[in-house]
Number of protein chains: 2
Amino acid sequence: MVLPRAAKTQRRTRIQEEKEEQILEAALEVFSANGFRGSTIDQIAEVAGMSKPNLLYYFRTKEAMHRALIDRVLDTWLDPLREFNAEGNPVAEIRSYIRRKLEMARDFPRESRLFANEVLQGAPHIEDELKGPLKELVDEKAEVIRTWAKAGKIAKCDPYHLIFAIWSTTQHYADFDVQVRAVLGQENAGDGRFEDAARFLERLFVDGLQVREQPSSDYTGEI
Amino acid sequence: MVLPRAAKTQRRTRIQEEKEEQILEAALEVFSANGFRGSTIDQIAEVAGMSKPNLLYYFRTKEAMHRALIDRVLDTWLDPLREFNAEGNPVAEIRSYIRRKLEMARDFPRESRLFANEVLQGAPHIEDELKGPLKELVDEKAEVIRTWAKAGKIAKCDPYHLIFAIWSTTQHYADFDVQVRAVLGQENAGDGRFEDAARFLERLFVDGLQVREQPSSDYTGEI
DNA sequence: TGATAATTTGACCGGTTGGTAAACATTACA
DNA sequence: TGTAATGTTTACCAACCGGTCAAATTATCA
């Protein structure tokens with residue numbers, strides 16, 4: 001056989017597993033840093049330490065590589081939201097969600113940037129995932145939050161925008177890392193900014209979602 | 001003279017002004033949607049309604065076009081932060097900053113995405129601006145916030161992370177627009193999401209920054 | 001071991017991309 | 001009006017990019 005190309009054979013050889021692993025690791029490195037169009041197969045091949053035709057032996061096209069990478073990473077990426085537990089203590093659940101998301105921004109910034117690049121440029125390759133699985137998961141968790149608010153366990157608020165706020169504030173530390181570093185200055189070389197961010201964000205959301213008889217001051221939704 | 005190319009002549013002709021304007025508008029459209037490497041001069045030329053060599057008559061290289069665009073847009077982009085007024089009422093100032101940033105996400109999403117693309121990919125073209133003018137401006141405003149906190153006008157908090165939180169939550173609606181739309185669903189076609197976001201964010205930050213004797217519940221900064 | 005399947009690579013191809021050369025067209029202005 | 005400066009376009013180039021091919025190398029296992 002000349003072109004087994006992974007999918008055609010039922011059993012995956014040891015080499016196939018290893019090489020596909022290597023390739024996806026390199027692809028994550030390159031795609032997350034340059035976006036899809038900004039990345040070249042040669043770059044990925046170099047990072048993966050193999051020749052371009054060798055890459056294309058395992059993934060027929062650049063798109064196939066990107067697709068495989070997204071599929072592989074998306075599940076893990078959504079895990080923190082899945083863990084969101086309706087039975088738990090609302091404030092503790094929200095705080096723990098923030099903490100988990102910040103940990104991921106710290107430990108898996110490339111994954112965050114991969115999706116950021118994709119969504120920022122109109123999500124041409126993952127639109128279906130956004131409108132399907134992602135929306136369904138968010139809908140489910142938004143319902144949980146709504147229930148909590150109705151039961152008076154947290155302040156009444158739009159659950160979708162709460163989730164957006166948690167996503168954006170936490171992922172900011174991965175996606176806009178160079179800006180964060182530039183503004184905080186060189187001295188902030190370690191991971192200290194993540195601890196500071198955790199302190200700030202947990203306080204912001206916990207206090208901001210505290211149940212209150214009256215809104216603490218008048219505000220309008222008009223912009 | 002054969003190649004005046006804008007910079008070489010002191011006086012700009014009417015045609016130069018007009019064409020450079022057209023080109024930068026087109027460049028904003030294309031660069032913000034595809035990032036620097038993902039954009040081609042041909043694309044920009046088509047959007048600008050002129051031939052590629054004609055573009056290159058006004059801007060010698062793709063980089064020069066990008067640079068000119070950034071320079072032109074950066075000032076406007078930082079205006080809301082500059083308006084942040086130390087003499088004003090702290091809560092009103094913060095709320096007004098959030099509102100202004102959300103208005104910009106709604107009215108100038110391309111500008112937001114232009115910077116997001118740039119920063120996301122390591123800010124290769126604007127690192128100096130981040131470490132220079134941007135950092136100085138943020139330092140100055142952070143000091144204002146710190147003063148407010150010390151005077152007991154708002155809760156004690158890390159002013160830098162407060163600014164990051166406002167940036168990320170508001171710009172999210174421009175940068176991740178497709179994701180926001182996908183999650184909220186088709187029925188949310190108009191600008192309603194911006195009003196909902198304004199309501200949510202003003203409440204979150206205002207209540208979250210309310211002065212409080214005791215933190216409303218225990219929390220640690222550890223992640 | 002030897003034959004067969006799986007893996008790897010150098011050479012190459014057509015299309016795209018950033019950019020140039022030079023001829024042509026238009027404008028400004030004495 | 002004439003002419004020099006300014007503006008525009010067609011044709012083109014070299015480098016790059018995604019992808020193919022066939023030949024060479026290595027692993028598997030009867």
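Computed from a predicted model, the values in this text were never measured in an experiment. Chain identifiers are assigned alphabetically (A, B, ...) following the order of the sequence lines, protein sequences preceding nucleic acid strands; residue numbering begins at 1 within each chain.
- When distances are taken from the side chain of B:Lys52 to each of D:dT10, D:dT20, C:dG19, the shortest belongs to C:dG19.
- Using a 4.0 Å cut-off between charged side-chain N and carboxylate O, A:Asp42 and A:Lys52 make a salt bridge.
- Checking A:Tyr160 against A:Asp139 by side-chain atom types alone, a donor-acceptor pair falls below 3.5 Å.
- In this structure, B:Glu140 and B:Phe84 have side chains that are not in contact, with every pair of non-hydrogen atoms separated by 4.5 Å or more.
- In terms of heavy-atom proximity, B:Leu162 sits nearest to B:Cys157 at CD2-SG, 4.2 Å.
- Rounding to whole angstrom units, CD of residue B:Glu18 and C1' of C:dA28 are separated by 15 Å.
- If you take OH of B:Tyr57 and P of D:dG7, they are 4 Å apart, rounded to a whole angstrom.
- With a 4.5 Å cut-off on side-chain heavy atoms, A:Gln43 and A:Asn34 count as touching.
- Heavy-atom distances under 4.0 Å link DNA chain D to A:Ser39, A:Thr40, A:Ile41 of residues 36-50 of chain A, given in residue order.
- Here B:Asp107 pairs with B:Glu103 under the side-chain contact (heavy atoms from CB on, under 4.5 Å) rule; sequence neighbours left out.
- In this structure, NE2 of B:His66 is placed 13 Å from P of C:dG18, rounded to the nearest angstrom.
- Remark: B:Ser51 is not in phosphate contact with D:dT8, judged by side-chain N or O atoms under 4.0 Å from OP1 or OP2.
- Taking atom CE on B:Met65 and atom C1' on C:dT17, their separation rounds to 13 Å, with Å as the unit.
- Across the protein-nucleic acid pair, B:Leu56 atom CG and D:dG7 atom P stand 15 Å apart, rounded to whole Å.
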Distances for protein N or O near nucleotides 22-29 of chain D N or O, under 3.5 Å:
from	atom 1	to	atom 2	distance (Å)
D:dT28	OP1	A:Arg14	NH2	3.4

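- Look at CZ on B:Phe59: it is 15 Å from P on C:dT20, rounded to the nearest Å.
- The backbone N or O of A:Asn85 sits less than 3.5 Å from a side-chain atom of A:Glu93, completing a donor-acceptor pair.
- By the 30° and 60° cut-offs, the orientation of the rings of B:His66 relative to B:His125 is perpendicular.
- Distances shorter than 4.0 Å separate none of the side-chain N or O atoms of A:Gln16 from OP1 or OP2 on C:dA6.
- Minimum atom distance to the side chain of B:Lys62 is reached by C:dG19, of the listed D:dT20, C:dG19, D:dG19.
- Rounding to the nearest 0.5 Å places OG of B:Ser96 at 12.5 Å from NZ of B:Lys101.
- Regarding A:Gln22, its CD atom lies at a distance of 13 Å from the P atom of C:dT7, rounded to whole Å.
- Nucleic acid contact class of B:Lys19 (heavy atoms, under 4.0 Å, all strands): sugar-phosphate only.
- Summarising the geometry, the separation between CD on B:Glu63 and C1' on C:dG18 is reported as 11 Å, rounded to the nearest angstrom.
- The A:Asn54 side chain lies nearest to C:dT8 when the options are D:dC21, D:dG7, C:dT8.
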